[in-house]
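I have placed the structure first, in the form of structure tokens, so that the comments after it can refer back to it.
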Amino acid sequence: MPSKVILRVTKGEFTGKEFTYSGKEQLFIGRQEDCAIVLPDKSVSRYHCMLEVTPPYVTVRDFGSLNGTFLNGEKIGGRERSVSAEDAQKEYHEEFDLHDGNTLGLGKHCELTLYTVLAKCCMDCNEVLLGANEVERNHLEEMKHHQADKRCNGCGKQFTPKAPDNNLCPKCAEDREKVLEAMLKQALGAALAHWEKDSGSAILKGFRKVKRLGAGGMGEVWLVQEEKTGKKFALKTMLPQVVADKQAKDSFLREASLGETLDHKNVIKVYQTGCESGMFFILMELCEGGSVDKYMERCGGKLPLDVSTYIILQALDGLEYAHRAEVSVECEDGIRHAMGVVHRDFKPGNIFLMDNGKYPVAKVADFGFAKAFETAGLSRHTRTGTAAATPVFQPRQQIANYKYAKPDVDVWAAAASYYNMLTGHIPKDIHGKDVWLEMFTGEVVPIRRRNPQIPEKLASVIDQALVERPEIGIKSAAELKRRIMAALPDDIKQSVRGVL
């Protein structure tokens with residue numbers, strides 16, 4: 001049985017009502033009808049607070065509510081009566097961890113109590129128990145692995161691995177450089193690969209680590225080269241924010257492997273996904289021009305209309321293909337077939353350019369990886385309020401319902417990315433506001449207010465694509481591309497004719 005979280009109303013009009021969650025959720029709580037949990041008491045603010053649920057972990061952040069949020073009777077958020085709701089939202093809202101049995105007081109008369117049901121695990125191997133046959137099979141596999149000690153690839157000492165992908169002792173596994181070396185050796189190199197040194201770069205039989213291309217909170221991207229052919233690849237490494245057990249690893253790799261089945265000129269080719277000593281990796285096609293967000297930085301924060309359009313039209317082709325592609329993945333119970341893959345984290349940082357020319361080939365990266373982390377329960381917000389997916393490029397439908405995974409959320413994100421390339425701004429004004437609340441409740445700023453030089457017909461298309469209420473304005477990537485093309489001035493059509 002997997003872990004789950006139960007929220008029970010223990011004070012107020014709905015006393016006794018329960019809300020149960022077994023997967024990743026973002027829950028807005030308040031009086032407003034579009035909240036995930038609606039509490040109609042007048043002492044509860046319209047948008048009172050937000051819970052992030054990643055069973056069995058839960059965090060809470062108050063949105064500057066008038067009557068405050070209380071954790072076990074202690075006030076953790078709210079505002080003074082002399083402070084307006086708008087001003088309160090400009091303040092930093094700290095996240096607090098919740099634990100089993102904690103009470104969450106909302107206003108004067110409402111209270112929720114949190115109960116966590118932990119996954120049942122094997123006493124010997126600590127893996128989640130899902131069924132008798134699976135338990136026995138997993139237990140036998142774990143016992144087999146436990147019986148065979150390994151020599152650590154980092155320091156050479158003998159150690160007892162806790163999982164099949166552990167090729168480093170616990171101490172070396174904390175060193176990202178050593179994990180990368182083990183990753184290349186075990187997962188990408190030949191079985192008898194060995195390391196040598198060459199001008200400070202690590203070399204192995206099969207692959208050579210060239211340089212680090214970038215780094216973020218959860219991982220790094222490395223340039224690696226195949227020794228035999230000289231072909232270069234990008235190797236993305238990701239360290240989850242939550243320790244991954246066998247079930248989480250299998251779930252992640254199952255979802256992530258969907259990206260390997262995609263084959264389109266505007267989608268980055270994924271060659272291999274895997275896990276090494278607790279760190280996930282993706283070996284993929286290298287794009288020499290880097291990501292569009294970095295390109296924007298080099299160009300002063302935004303891109304010309306012709307260049308932005310040339311890029312987004314290609315990205316829309318990639319989205320349309322992925323949304324309609326027939327994909328399959330190997331699961332324990334056989335081959336699973338599905339129609340289409342939704343990106344969930346489309347943004348300029350996930351569009352890559354093949355070269356540094358004025359009109360480069362553009363490719364969409366990281367298809368399925370946001371969902372892979374969510375499904376595996378490995379993504380959690382950081383204390384700065386960011387998450388595996390990027391809220392400023394998410395429509396309110398996706399924020400309100402974290403499991404919402406229809407193609408139109410990607411289409412909205414593509415329009416938001418086009419807006420960002422043309423103006424240097426995101427569609428909503430989050431300056432001095434809580435980013436999650438503003439992206440959920442705020443209105444899009446019409447694009448010509450940001451950049452009056454945008455042609456009126458094109459601006460109308462972009463503004464329509466960014467409509468969220470009552471539903472997303474343009475629902476398919478093909479339709480958005482068609483409408484952009486129809487609204488382009490003749491000189492821009494001429495410039496981008498290669499991708500029309």
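Index from 1, following the sequence. Quick caveat, the model's predicted, so the values are computed rather than measured.
- Between His264 and Tyr321, the ring planes are parallel. Angles under 30° get that label, and only those over 60° would be called perpendicular.
- Rounded to the nearest 0.5 angstrom, Cys287 SG and Lys232 NZ are separated by 13.5 Å.
- Atom CG of Asp410 and atom CD of Gln398 lie 7.5 Å apart (nearest 0.5 Å).
- Val364 approaches Phe367 most closely through the heavy-atom pair CG1-CE1, 3.6 Å.
- One distance of note links NZ of Lys481 with CG of Asp317; it measures 3.5 Å at 0.5 Å rounding.
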Please table the atom pairs, donor to acceptor, closer than 3.5 Å between any side-chain atom in residues 417-425 and protein atoms at least two apart or in another chain.
residue : atom : partner : partner atom : Å
Ser417  : OG   : Ala413  : O            : 2.9
Tyr418  : OH   : Thr309  : OG1          : 2.6
Tyr419  : OH   : Val445  : O            : 2.6
Tyr419  : OH   : Arg450  : NE           : 3.1
Asn420  : ND2  : His425  : O            : 3.1
Thr423  : OG1  : Tyr419  : O            : 2.8
Thr423  : OG1  : His425  : N            : 3.0
Thr423  : OG1  : His425  : O            : 3.3

CA sep, side-chain torsions, deciding dist, call: Phe393, Phe346, ring-ring contact (aromatic ring centres under 6.0 Å, His included): CA-CA 7 Å; Phe393 292 100; Phe346 187 95; 8.6 Å; no
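- No side-chain heavy atom of Gln26 sits less than 4.5 Å from a side-chain heavy atom of Asn401.
- Cation-pi geometry between Lys209 and Trp222 is met: the NZ or CZ atom falls under 6.0 Å from the ring centre, inside 45° of the normal.
- A donor-acceptor distance shorter than 3.5 angstrom exists from the side chain of Asn451 to the backbone of Gln453, with no hydrogens or angles considered.
- Atom OG1 of Thr237 is separated from atom CZ of Phe280 by 12.0 Å, given to the nearest 0.5 angstrom.
- No donor-acceptor pair under 3.5 Å is formed between the side chain of Lys406 and the backbone N or O of Val342.
- By the 4.5 Å heavy-atom criterion applied to side chains, Leu98 and Thr59 are not counted as neighbours.
- From Asp463, atom CG reaches atom CZ of Arg449 across 9.5 Å, with rounding to the nearest 0.5 Å.
- The side-chain heavy atoms of Gln225 and Phe233, taken from C-beta on, include no pair separated by under 4.5 Å.
- Asp434 places a side-chain N or O within donor-acceptor distance of the main-chain N or O of Leu437, the cut-off being under 3.5 Å.
- To the nearest 0.5 Å, the span separating CG on Leu235 from CZ on Arg212 amounts to 13.0 Å.
- The ring of Phe440 has its center closer than 6.0 angstrom to the ring center of Phe28.
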